Amino acid sequence: MIRNILCAADGSTVSAKAVDYAIELAKKLRVPLTVLSVELVSREDMAQSPFWDSKVLEASASITRTEFENVSQKAQSAGLENVSCVVVSSRHVAEAIAAYAESNGFDQIVMGSHGHTGVSRMILGSTAYAVVARANCPVTIVR
């Protein structure tokens, strides 16, 4: 039984499709939805680097805020009220998603995938594939 859903989002087109799917699924099942964004470099690490400045930090925060505002608007338009958004920092996106889902008791993960197969997946890797391999709950891949 699904009691809570985690949706990984990165601002891409396939991620937006996954968010739409997760919103509809959460609404249909009447369960909470959490949208997770993984920062590859933490704000603390960025602030200590000579290559980053406050404008870069604010630009990154602004992109994430805009993404979460879009999610909130979509959820509200769909009639889904129990939506939260969270950011975690990790250099390993798939591990971060799976670990967050497990440590917070999620029953379902929803995420997007570009659908690369064969050689392109071997070269590019696949975050979705890695999450499926690591997750302790079902993972729905939206393309």
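Predicted model only: the values in this text are computed from it and were never measured.
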With a 3.5 Å distance limit and no angle check, can you tell me whether [X] reaches the backbone of [Y] through a side-chain donor-acceptor pair?
| X | Y | value |
| --- | --- | --- |
| Asp10 | Ser12 | yes |
| Lys27 | Ala78 | yes |
| Asn82 | Leu33 | no |

Check: Pro138 and Ile109 side chains under 4.5 Å, non-hydrogen atoms: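 No, every pair of side-chain atoms sits at 4.5 Å or beyond.
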May I ask you to test the Thr127-Met111 pair for a side-chain heavy-atom distance under 4.5 Å?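 Result yes, sub-4.5 Å side-chain heavy-atom pair found.
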Is it true that, when you exclude [X] itself, more than 12 heavy atoms of the residues, nucleotides or ligands shown sit nearer than 6.0 Å to its [atom1]?
| X | atom1 | answer |
| --- | --- | --- |
| Lys74 | NZ | yes |
| Tyr21 | OH | no |
| Gln76 | CD | no |

Is there a path from [X] to [Y] through hydrophobic residues (I, L, V, M, F, W, Y) whose side chains come within less than 4.5 Å of each other?
| X | Y | answer |
| --- | --- | --- |
| Val110 | Tyr100 | no |
| Val86 | Val31 | no |
| Val87 | Val93 | no |

Roughly how far, to the nearest 0.5 Å, is the [atom2] atom of [Y] from the [atom1] atom of [X]?
| X | Y | atom1 | atom2 | result |
| --- | --- | --- | --- | --- |
| Arg3 | Asp107 | CZ | CG | 4.5 Å |
| Arg134 | Tyr129 | CZ | OH | 10.0 Å |
| Asn104 | Leu6 | CG | CG | 8.0 Å |
| Gln108 | Leu25 | CD | CG | 6.5 Å |
| Glu69 | Thr64 | CD | OG1 | 11.0 Å |

In terms of side-chain heavy atoms, does Ser37 have a donor or acceptor partner in Glu67 at a distance below 3.5 Å?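 Result is no, nothing qualifies.
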When you compare the side chains of Thr34 and Ser84, does any donor N or O come within less than 3.5 Å of an acceptor on the partner?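 The answer is yes; a qualifying pair exists.
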